[in-house]
Amino acid sequence: MALRVYNTLTRKKEEFVPRKPGRVDIYQCGVTPYDYTHVGHARQYVFWDTVRRYLTYRGWEVFCVQNVTDVDDKIISRAHKEGVEFTEISEKYHKDFLDVMDRLGVKRPEVMPKVTEHIPEIIKVIEGLIKRGHAYEVEGDVFFDVVSFPDYGKLSRRSLDDMMAGVRIELNPKKRNALDFVLWKSSKPGEPSWDSPWGKGRPGWHIECSALALEYLGTGFDMHGGGDELMFPHHENEIAQSQAYTGEKPFSRYFVHHAMLNIGDVKMSKSLGNFFSVRDVLDQVEPGVIRYFFASRHYRSPANYGVEELEEASKAYSRLKSTLDAGKRALAEVDKKQPTVSNENKSCRVDLFAAARDSKRKFIEGMNDDFNTAIGIASLHDLVRPINDFLHATGGGAQHDRQNLEGLKEAISTLETLGGVLGLFQEAEDPDDGETMDSLVKLLIDIRDDLRSKKEWGLADKIRNSLKEMNIVLEDTPVGTIWKKI
RNA sequence: GGCGACAUAGCCAAGUGGUAAGGCAGCGGUCUGCAAAACCGCUAUUCCCCGGUUCAAAUCCGGGUGUCGCCUCCA
């Protein structure tokens, strides 16, 4: 079954064919660190983390490059405002980015090149563009000549004529054409600068992605990722620069754009100020909840972020997680002692092998269809239902159905593996959530059973209620009591 | 003004030609000392509206309405 990916270049879902069999080379537009990482950013990196996990799960070798634009106008202006070096700003917020991504379980890309450490590579590309007649220098600034690149506008489906007619940007008398964009920017006094053939200056906004992608992946790599807001002008310009420079196309075989995260139907963005930092949200909910929230929506649809949405995700996620925990506990229990084997357990008729197999098939079919993580989530719920059924029918391991014991192992492992592809269930084990905890809860359950058999409901309920306050829920089944952490 | 995307139940959300996944909320049932959880069942004859193509449309085409994004920094 083939993987299909929606390619912005063709506006169609296409079968994914990489340039090298078995390997996927990915370039992602990274952040400009001038403020705290917000949930909108997290959407992109969580999505691509999921893509990388899925491809790896399916046996591909994955290589991912993600730049860090650590010098730019906004960083400089913030540094001026705070009276510090621009590096202090970029380092502080880059550190925040890495920190929250780690906490979200986003695997670090293989390479995270910084613009300030690749000035020579960038200059090399600009020089090449000038040499090939695609760029020109005016008083220390270098511009890309859009007219020299016939395919300009192809990605975003705009024609040069239309754009020129409706141009909104202020006319820069140095430019030959209003749509020409700057590759190298001469620096004003007090601004960070590097030596170049055109004098002191710094790279323009778009050139770093071309230079870094070509440096680490070469031309014609597999997937280019970024927000759909970047389609024009950023990705359009990247394509123009890169293909004009190499004389080859495509620059990237597939362009994969994810939709924005909104607050009340308006885009979350730093410039609008309507953003939630990931740092703050992680103080409220565990990482898995955020990952569940993203995974339950398709990456190409705009998604609304809000407290209610997060709460719903939290409930649904805890349904998956508490079943996984209870299932693991049941298996651990079986390892410790011989369970009461009952082949006569008629109350349990689920086939967990079949459930695991069906769930896995649905998951892969969904993910193969343009990374449909919402289908993936649904497949997990489909699996959790029969696991719960089994757990309740057998008292969470107290009375096993021999035939389904292996099935439970299979189902739990499938749930954990598939959830892991979506980045779920990565929370570090609670330090006090070990064997001691298990034993203590079990002791309380035993005592409560004694109390119940003596019909001392008051005390029995007190145990149950107190545990509930600690987020431990007791569930009485016909064959014993099981417990879950919620 | 130009370009593009989207509109599915009370809510969130999959589904791009074959008869509406999943979650949250709600209702009924099983179980229970009560409960919770869990499980079972019910909850959109219908997918913004109007036309068209087709044996067949939420899915394709045309028109309309509404929302959002990009065209300026943006994940």
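Residue numbering restarts at 1 for every chain, and letters A, B, ... go by the order of the sequence lines.
In this structure, the side chain of Arg53(A) engages the main chain of Gly420(A) through a donor-acceptor pair within 3.5 Å.
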Under 4.0 Å protein heavy-atom contact, by nucleotide of nucleotides 28-34 of chain B - B base, S sugar-phosphate only: ---S-BB

Sugar-phosphate or base contact per nucleotide [nucleotides 14-23 of chain B; S, B, -; heavy atom under 4.0 Å]: SSS----BSB

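Rounded to whole angstrom, the span from the CE atom of Met470(A) across to the C1' atom of rA36(B) amounts to 16 Å. Following rounding to the nearest Å, Leu310(A) (CG) and rC24(B) (C1') show an atom-to-atom distance of 13 Å. Whole-Å rounding puts the Glu236(A) CD to rG69(B) P distance at 21 Å. The nearest whole Å value for the distance from the NZ atom in Lys74(A) to the P atom in rA75(B) is 6 Å. The distance between atom CH2 of Trp48(A) and atom P of rA75(B), rounded to the nearest whole Å, is 17 Å. Look at CG on Asn262(A): it is 12 Å from C1' on rA5(B), rounded to the nearest Å. Taking atom NE2 of residue His38(A) and atom P of nucleotide rC73(B), one finds them 16 Å apart after rounding to whole Å. Here rA13(B) presents its P atom at 17 Å from CG of Asp370(A), a figure rounded to the nearest Å.
Heavy-atom distances to RNA chain B give each of Pro233(A) and Arg11(A) a nearest nucleotide, and the one nearer the 5′ end belongs to Arg11(A). Comparing Ser269(A) and Arg158(A) by the nucleotide of RNA chain B whose heavy atom lies nearest to each, the residue mapping closer to the 5' end is Arg158(A).
Between Asp476(A) and Arg452(A) a salt bridge is recorded (basic side-chain N to carboxylate O distance below 4.0 Å). Lys175(A) has no carboxylate O lying under 4.0 Å from a charged side-chain N of Asp141(A), or vice versa, which leaves the two without a salt bridge. Ion pairing between a basic and an acidic side chain is recognised when a charged N comes within 4.0 Å of a carboxylate O; Asp382(A) and Lys362(A) show such pairing. A salt bridge links Arg52(A) and Glu110(A); the closest N-O separation between the charged side-chain nitrogens and carboxylate oxygens is under 4.0 Å.
Remark: rG41(B) base-pairs with rC27(B). Criterion, Watson-Crick or G-U wobble with two distances under 3.5 Å. Remark: rC6(B) base-pairs with rG66(B); criterion is Watson-Crick or G-U wobble with both hydrogen-bond distances under 3.5 Å. In a base pair of the Watson-Crick type (N1 to N3 plus N6-O4 or O6-N4) or a G-U wobble (N1-O2 and O6-N3), with each distance short of 3.5 Å, rG33(B) is matched with no nucleotide. Judged by Watson-Crick or G-U wobble contacts below 3.5 Å, the nucleotide rC47(B) has no partner. As the counterpart of rA58(B), no nucleotide is assigned, since no Watson-Crick or G-U wobble pattern has both distances under 3.5 Å. Checking rG17(B) for Watson-Crick or G-U wobble geometry (two distances, each under 3.5 Å) identifies no partner in any strand.
Across all strands shown, Gly366(A) has no heavy atoms under 4.0 Å from either base or sugar-phosphate atoms. Residue contacts for Gln44(A): at a heavy-atom cut-off of 4.0 Å it reaches the sugar-phosphate backbone alone, with no base atom in range. Across all strands, Met260(A) comes closer than 4.0 Å to base atoms (heavy-atom distances). Among the protein residues, His234(A) comes within range of no part of the nucleic acid, since none of its heavy atoms lies under 4.0 Å from any strand. Using a 4.0 Å heavy-atom distance criterion, Gly40(A) is classed as a base contact. No engagement by Leu380(A) is indicated, since no non-hydrogen atom pair under 4.0 Å with the nucleic acid exists. Among the heavy atoms of the strands, none lies under 4.0 Å from Glu309(A).
Distances from the side chain of Asn388(A) to the nucleotides rC70(B), rA38(B), rA75(B) place rA38(B) closest. Of the candidates rA75(B), rC71(B), rG4(B), rA75(B) carries the atom nearest the His258(A) side chain, counting heavy atoms from C-beta on. When the nucleotides rA75(B), rC68(B), rA36(B) are ranked by their closest atom to the side chain of Lys468(A), rA36(B) comes out on top. Candidate nucleotides rA37(B), rC3(B), rC68(B) were compared by shortest atom distance to the side chain of His392(A), and rA37(B) ranks first.
Aromatic ring centroids of Tyr6(A) and Phe371(A) lie 6.0 Å or more apart. The aromatic ring centres of Phe181(A) and Phe143(A) sit 6.0 Å or more apart. Ring to ring, His206(A) and His235(A) are not that close: their centroids are 6.0 angstrom or more apart.
Distance noted for atom P between rG23(B) and rG63(B): 39 Å (whole Å). With C1' as the reference atom, rC48(B) and rC6(B) are 12 Å apart, rounded to whole Å. On the C1' atoms, rG28(B) is 40 Å away from rC68(B), given to the nearest whole Å. rA20(B) and rA56(B) have their C1' atoms separated by 16 Å, with the value rounded to a whole Å. rG1(B) and rU59(B) have their P atoms separated by 27 Å, with the value rounded to a whole Å. Going from the P atom of rU32(B) to that of rU46(B) covers 41 Å, rounded to whole Å. Nucleotides rC27(B) and rC70(B) have their P atoms positioned 42 Å apart, rounded to a whole Å. Separating the P atom of rA75(B) from that of rG15(B) is a span of 27 Å, rounded to the nearest Å.
When the side-chain nitrogen and oxygen atoms of Lys267(A) are compared with OP1 and OP2 of rA75(B), none of them lie within a distance under 4.0 Å.
Taken to the nearest 0.5 Å, the CD atom of Gln241(A) stands 10.0 Å off from the CZ atom of Phe149(A). From Lys267(A), atom NZ reaches atom CE of Met260(A) across 6.5 Å, with rounding to the nearest 0.5 Å.
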Phe251(A)/Phe221(A) under ring-ring contact (aromatic ring centres under 6.0 Å, His included): CA gap, chis, key distance, verdict: CA-CA 7 Å; Phe251(A) 167 53; Phe221(A) 59 89; 5.1 Å; yes

Stepwise side-chain hydrogen bond (donor to acceptor under 3.5 Å, both in side chains) check, Arg291(A) with Thr50(A): CA-CA 9 Å; Arg291(A) 298 206 56 137; Thr50(A) 302; 3.3 Å; yes

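Note that Arg4(A) lies outside the cation-pi zone of Phe16(A), set by a 6.0 Å cut-off to the ring centre and a 45° limit from the axis.
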